[in-house]
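Throughout, a chain's letter reflects where its sequence line sits, starting with A, and its residues are numbered from 1.
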Amino acid sequence: MKDTDDNSPGAREPSGFIRQMVVRDLASGKHGGRVHTRFPPEPNGFLHIGHAKSICLNFTLAEENGGHCNLRFDDTNPLKESQEFVNAIKDNIRWLGFRWHGEVRYSSSYFDQLYEFARQLISKGKAYVCALSPEQAREYRGTLTGPGTESPWRDRDPNESLDLFERMRAGEFKDGELSLRAKIDMASPNINLRDPILYRIRHASHHQTGSQWCIYPTYDYTHCISDAIESITHSLCTLEFEDHRPLYDWILHNLDIDSLRAASDLRDSDAPFVLPEQTEFAKLRISYTMMGKRFLRALVEQGKVDGWDDPRMPTLAGMRRRGYTPASIRNFCEAVGVARGESLVDIGMLEHAIREDLDRNTPRVMCVLRPLTVILTNFDDNRVERLRLARHPKREELGSREVPLTREIYIEQEDFSDDPPAGFKRLVAGGEVRLRGAYVIRCDEVQRDAAGRPAKLRCSVDFATLGKRPVGRKVKGVIHWVSAAAGKKVTVRLYDRLFLSENPTPKSVEEVFDEINPDSLAQLDGCILEPGTLNEGAGDRFQFERVGYFYRDREAAGPVVFNRTISLRDSWGAGSAR
RNA sequence: UGGGGUGUCGCCAAGUGGUAAGGCACAAGGUUUUGAUCCUUGCAUUCGUUGGUUCGAGUCCAGCCACCCCAGCCA
């Protein structure tokens, strides 16, 4: 992001092991000077901030090196996938601001080719049709410390396997009855090499291919070939696939390289065809957050949250609805970096990224969340004073807005105190405070409700203080306010972290529910917003001065709702959260 | 008792044999009609640990310790 200093002496070396690897590969001409990456989600759920890390990595790596990045749906398991997720994922990636190269890809569109390659492996005696049941296969696989046992079908004649494989495809067998396996090494210390399953029978309809197939290739078999077909150079994935790399390479190296080339996007080009290589990096984990799909799904399905796009969810849809900007998420991913060590990123880094963006780009407006009535006793009853306030304290080019001041206004309940703590610089009985962008007022009288709580303040305005310091005294406090007559009533939703513990690592769905913060959502219905904020063209993102950053929720009809994206930093009264 | 990985400031993270970048957080000052922003300053004699090689080691070697991943016809 900041390597824009092209006139600085000595171009900056890219940092991070993946960027360095690419630079090295480019220098050595390994892939004919190409960088081609891909983001390969399975459409079985919504994307979350962890996926954003991978998206940013793949797309920016290509971008920085004049390469391309494909979007490929890794859709080899029809049981878990759906078109709904395909659409949502495409939408999320576009929202983040990335554009994939060419058409969207699907592993499923390579099914014919994959089938042919499987036949090739069988013919070469590198794969066989096995009749072990899933349970038997597990027993035969052996353990972490002990070798496996070879399948009795392992040395089946290739022609017989070919015939059986064709009949599997034709639908002659039931789910689980037969499978296609690679013939590698049942004694390998790497369990992924103990004759892994390449194809399984699944009489299920697929969101892309319908009922065309009843056998489906596995991830391990599909991924490497799909990468080769798309002439991917750098295949980036997370650490848990490290043990799969030898299998990734085995499959590619046991296929005829010319047949791979002929199936690839490079088939009609002069570019050298080089096999893709897999590189792993650590997944993103964030404190007070949980990314497991299974657990997120449970939250949605059990109604613990409002849906996949609930603003408390770490999904991109949720973060978007919460008010996160694409830039903030991209900056965050850049700040976190990409390494091979498992780490737990402080959620404060995410909060910093969104505040940084919003502080710079968001117009200011006033909104009173919990109103307390104030009567300006020396302000004429039907007078409306139209004040001009800057939309942004540092960016004049953002212009100004008109804010009406009237005799009756609202201020924040917590900006008045009967019993002020040390250092309190807001309003107290007999004390003075500045109304933001307007006058200094003095609280002359406190009217109370039946319970003795302040219900209405009667204050007098010092008319000599508009844009000027009061003479003869210092008034430190500045509070926000809204005209009672002109203000708009809106609903505000305040969000807090969804999980209580810093590192939620549930084992079961029940444990997830135990981790939920009961106060993660507070809805306030009687908030009073500065008029003009709801006008056409005013935008959806604002800083409510002294309160936080808010995003207008357009999902629901009915009353106007603002979601709090993030509070302002608050160095006053660290413990006393609003 | 198998295999594959990782250990640098409270949290991320650069660093690839020449004497510990940066960001977040935190602390202290300054500016301020947002207790915000902004600015300044401070914040690892030390890189899991013990030895070794070297003029010199976070970087090389060996041992030890800790943590993560792998036994789906999931991805």
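Using a 5.5 Å limit on the distance between ring centres and a 30° limit on the angle between planes, the aromatic ring of A:Trp572 counts as stacked on the six-membered base ring of B:G35.
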Verdict with supporting geometry, A:Asp227 and A:Arg72, salt bridge (charged side-chain N to carboxylate O under 4.0 Å, His left out): CA-CA 10 Å; A:Asp227 283 343; A:Arg72 177 167 81 231; 2.7 Å; yes
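Of the possible donor and acceptor atoms, none in the side chain of A:Ser328 sits under 3.5 Å from a partner among the backbone N and O of A:Tyr324.
Annotation: A:Tyr219 is in aromatic contact with A:Phe241 [ring centroid separation under 6.0 Å].
For B:U37, its base never sits under 3.5 Å from the side chain of A:Arg360 at any donor and acceptor pair. Residue A:Asp570 places no side-chain atom within donor-acceptor reach of the base of B:G35, judged by atom type and a 3.5 Å distance cut-off alone. Remark: the A:Arg426 side chain and the B:G35 base include a donor-acceptor N/O pair separated by less than 3.5 Å.
Using a 4.0 Å heavy-atom criterion, one finds that A:Asp243 contacts the bases of the nucleic acid, with or without backbone contacts as well. Looking at heavy-atom distances under 4.0 Å, A:Ser188 makes no contact with the nucleic acid at all.
Distances were taken from every side-chain heavy atom of A:Ile197 (C-beta onward) to each of B:G35, B:C73, B:U37; the shortest belongs to B:C73.
Here the separation of B:U54 from B:C61, taken at their P atoms, is 16 Å to the nearest Å. Annotation: B:U46 and B:A13 have their P atoms spaced 23 Å apart (nearest Å). One C1' atom belongs to B:A75, the other to B:C65, and the distance between them is 34 Å to the nearest Å.
The phosphate of B:A75 has neither OP1 nor OP2 within less than 4.0 Å of any side-chain N or O from A:Thr218. An OP1 or OP2 oxygen of B:C26 is reached within less than 4.0 angstrom by a side-chain nitrogen or oxygen of A:Arg569. In this model, the phosphate group of B:A13 is approached by a side-chain N or O of A:Ser343 to a distance below 4.0 Å at OP1 or OP2. The phosphate of B:G72 has OP1 or OP2 within less than 4.0 Å of a side-chain N or O from A:Arg141.
For the pair A:Lys53 and A:Lys476, nearest-nucleotide mapping onto RNA chain B gives the more 5' position to A:Lys53.
Under the 30°/60° scheme for interplanar angles, the aromatic rings of A:Phe165 and A:Tyr199 are found to stand perpendicular. Using bins of under 30°, 30° to 60° and over 60° for the plane-to-plane angle, the ring pair A:His223/A:Tyr248 lands in the tilted bin.
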